[in-house]
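All remarks here apply to the structure that follows.
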Protein chains: 2
Amino acid sequence: MPAVKARAELSEAKDQGYYSIGKAAELSGITPKMIRHYESLQLIPKAARTAGDYRVYSAADIHTLRFIRRARGHGFSMEEIGTLLGLWRNQRRASEQVKRLATKHITDLDHKIAELQSMRAALAELAEHCHGDSRPDCPILSDLAGLPPAE
Amino acid sequence: MPAVKARAELSEAKDQGYYSIGKAAELSGITPKMIRHYESLQLIPKAARTAGDYRVYSAADIHTLRFIRRARGHGFSMEEIGTLLGLWRNQRRASEQVKRLATKHITDLDHKIAELQSMRAALAELAEHCHGDSRPDCPILSDLAGLPPAE
DNA sequence: CCTTGACCTTGCCACCGTGGCAAGGTTCAT
DNA sequence: ATGAACCTTGCCACGGTGGCAAGGTCAAGG
């Protein structure tokens with residue numbers, strides 16, 4: 001008897017406020033591919049399935065996916081997002097835990113920013129002294145070669 | 001007849017100023033693993049081999065490896081480094097080409113820096129308003145959930 | 001001569017986050 | 001009933017790096 005209702009199950013699901021993975025992707029801004037990936041990482045619970053084995057998502061699931069998308073936007077790693085989701089779902093969390101995670105992430109970002117900035121500064125300095133014309137002499141290459149800027 | 005000289009070939013090579021991959025790694029600051037990887041990417045030419053199939057490196061090879069290490073330190077991608085190596089080896093290059101590559105890379109760095117900085121600013125703002133105590137209310141989670149900072 | 005240990009060889013798997021493609025199944029509208 | 005649009009799983013790729021395993025080579029010392 002599952003076969004009987006199978007044919008219409010997806011549209012039934014739609015009627016009841018459930019979404020296919022494509023629709024969930026559209027609503028959350030996460031590709032179907034990544035939604036499946038997050039499921040495999042156990043970031044999100046296994047989606048319910050129709051008789052035809054299609055995943056279906058509730059409005060609450062979409063909400064979770066949006067949460068993930070925003071967290072990615074802040075640069076959190078998948079692992080951190082897993083923790084954040086746990087805290088979000090736990091009504092008895094302490095805001096201290098969230099803040100600690102965020103603060104740690106901010107210092108990570110600071111390190112990355114500082115690293116990129118020092119690369120940028122070094123390169124800008126070199127590029128500034130490069131003629132940038134048809135001559136071969138170039139302080140950038142000299143630097144990479146480990147020579148004094150022999151310009 | 002290769003078998004005759006095989007036994008001593010590595011030490012012979014050493015006498016002639018050639019280095020094993022481990023020594024090259026030590027001198028260049030690049031792990032043996034990555035040296036092999038760069039070879040497979042054709043970033044560096046295939047190393048010569050002893051009769052025992054050990055790779056051997058000349059002082060010039062070490063120089064190239066150092067070049068790569070410095071370029072990585074400036075954040076250039078492998079592909080960009082390939083181009084830089086080509087320019088370095090080409091006596092008739094125009095410094096303009098090098099400068100263009102570097103300038104492009106600087107703007108890439110600027111984009112990344114700006115992205116990280118905006119993440120950092122947003123998070124810092126949220127974290128600042130988080131009590132960070134035992135209470136569950138947290139503007140960081142509210143933000144991720146897409147809610148107004150309901151604090 | 002033979003052993004020992006340090007080094008080398010190749011090859012495969014992992015990370016992270018994402019994208020692509022292929023081969024097949026389902027659903028829906030015409 | 002057919003075709004288009006969607007879904008399913010599974011594998012491969014990127015970049016750049018690390019790890020591990022199973023085997024070969026080399027130098028030194030008993």
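Proteins come first, then strands; the chains are lettered A, B, ... in the order of their sequence lines, and each starts at number 1.
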Does [X] put a side-chain nitrogen or oxygen below 4.0 Å from OP1 or OP2 of [N]?
X	N	value
A/Arg49	D/dT9	yes
A/Arg55	D/dT8	yes
A/Ser20	D/dC6	no

[X] [atom1] to [N] [atom2], straight-line distance once rounded to whole Å:
X	N	atom1	atom2	result
A/Tyr19	D/dC6	OH	P	17 Å
A/Arg69	C/dT18	CZ	C1'	16 Å
B/Ile68	D/dT17	CD1	P	11 Å
A/Ile35	C/dG19	CD1	C1'	15 Å
B/Ile21	C/dC7	CD1	P	13 Å
A/Glu115	D/dG16	CD	P	14 Å
B/Leu41	D/dT17	CG	P	10 Å

With heavy atoms under 4.0 Å as the rule, sort B/Arg36 into base, sugar-phosphate or nothing.
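The residue B/Arg36 makes base contact.
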Nearest 0.5 Å, please: how far is CD1 in B/Ile44 from CD1 in B/Ile35?
6.5 Å
B/Val98 and B/Trp88: CA distance, side-chain angles, deciding distance, side-chain contact (heavy atoms from CB on, under 4.5 Å) verdict
CA-CA 9 Å; B/Val98 185; B/Trp88 184 40; over 6 Å; no
Can you see whether B/Asp61 engages B/Thr64 through a side-chain donor-acceptor pair at a distance of less than 3.5 angstrom?
no
Within the 3.5 Å criterion, strictly below it, is a donor on A/Ser95 or B/Asp133 matched to an acceptor on the partner's side chain?
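Side chains of A/Ser95 and B/Asp133: pair found under 3.5 Å.
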Taking NZ, NE, NH1 and NH2 as the nitrogens, is one of them in B/Asp110 or A/Arg120 under 4.0 Å from a carboxylate oxygen of the other?
yes
When you check the gap from the basic side-chain N to the acidic O, do B/Arg135 and A/Glu96 get nearer than 4.0 Å?
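No salt bridge links B/Arg135 with A/Glu96.
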From the options D/dC7, C/dG17, D/dT17, select the nucleotide whose nearest atom is closest to the side chain of A/His37.
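Nearest to the side-chain atoms of A/His37, counting from C-beta on, is C/dG17.
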Give me the one residue out of B/Lys104, B/Lys112, B/His105, B/His111 that meets side chain to side chain donor-acceptor pair (under 3.5 Å) with B/Asp108.
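When side chain to side chain donor-acceptor pair (under 3.5 Å) is applied between B/Asp108 and each of B/Lys104, B/Lys112, B/His105, B/His111, only B/Lys104 qualifies.
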For A/Asp53 and A/Tyr38, find the nucleotide of DNA chain C closest to each by heavy atoms; which residue's nucleotide sits nearer the 5' end?
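Between the two, 5'-proximity favours A/Tyr38.
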Starting at the 5' end of DNA chain D, which residue's closest nucleotide do you reach first, A/Lys23 or B/Thr31?
A/Lys23
Polar side-chain contact A/Tyr54-D/dC6 base: donor and acceptor under 3.5 Å:
yes
Taking only heavy atoms on the protein side, list every residue of residues 73-80 of chain A lying under 4.0 Å from any atom of DNA chain C, sorted numerically.
A/Ser77, A/Met78
